[in-house]
Amino acid sequence: GYQTTHVPTEHSALSFSPGQADADPTYGHIAFVEQVKSDGSILISESNVRGLGVISYRTFDAETAKQFTYVIGK
């Protein structure tokens, strides 16, 4: 029941497909979009990639960012 898009959207959830960008090969992964930069690249925060409960950050370029699914909150 949530709206999804492939357009990077600030403060949305980013849903990685299984195996996408080093996500779990069976379940995928979820992250939070902290910022969409003017060049279309994105900054995300995520947990449990570098250890249980550890929050880390990654940046993806604009072309890669367009490949992800973004879940818009209600």
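- Taking V7 as the reference, T5 meet the side chain to side chain contact (heavy atoms under 4.5 Å, CB included) condition, with sequence neighbours excluded.
- The line from NE2 of H29 to OG of S15 is 10.0 Å long, rounded to the nearest 0.5 Å.
- Listed by chain and residue number, L52 satisfy the side chain to side chain contact (heavy atoms under 4.5 Å, CB included) test with N48 (two or more places apart in sequence, or in another chain).
- Counting only residues at least two apart or on different chains, no salt bridge (charged side-chain N to carboxylate O under 4.0 Å, His left out) pair has a member in residues 25-45.
- The shortest non-hydrogen separation linking S45 to A31 is O-CB, 3.4 Å.
- The stretch residues 15-28 participates, sequence neighbours left out, in no salt bridge (charged side-chain N to carboxylate O under 4.0 Å, His left out) pair at all.
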Please list every donor-acceptor pair under 3.5 Å in which a side-chain atom of residues 65-74 meets a protein atom from a residue at least two apart or in another chain.
unit_1	atom_1	unit_2	atom_2	d
K66	NZ	E63	OE2	3.3
Y70	OH	A65	O	2.6
K74	NZ	G1	O	3.4

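- When every heavy atom of A23 is checked against every heavy atom of S17, the shortest pair comes out as CB-O, 3.7 Å.
- When all heavy atoms of P8 and G40 are compared, the pair lying nearest together is CG-O, 4.4 Å.
- I55 and I30 are members of different hydrophobic clusters when ILVMFWY side chains are connected at heavy-atom separations under 4.5 Å.
- Closest approach of I44 and L14 over heavy atoms only: CG2-CD1, 3.8 Å.
- Residues passing the side chain to side chain donor-acceptor pair (under 3.5 Å) test with T59, sequence neighbours excluded: none.
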Quiz item: Passes side-chain contact (heavy atoms from CB on, under 4.5 Å), H11 versus F32? Steps please.
Solution: CA-CA 7 Å; H11 302 142; F32 182 77; 3.8 Å; yes
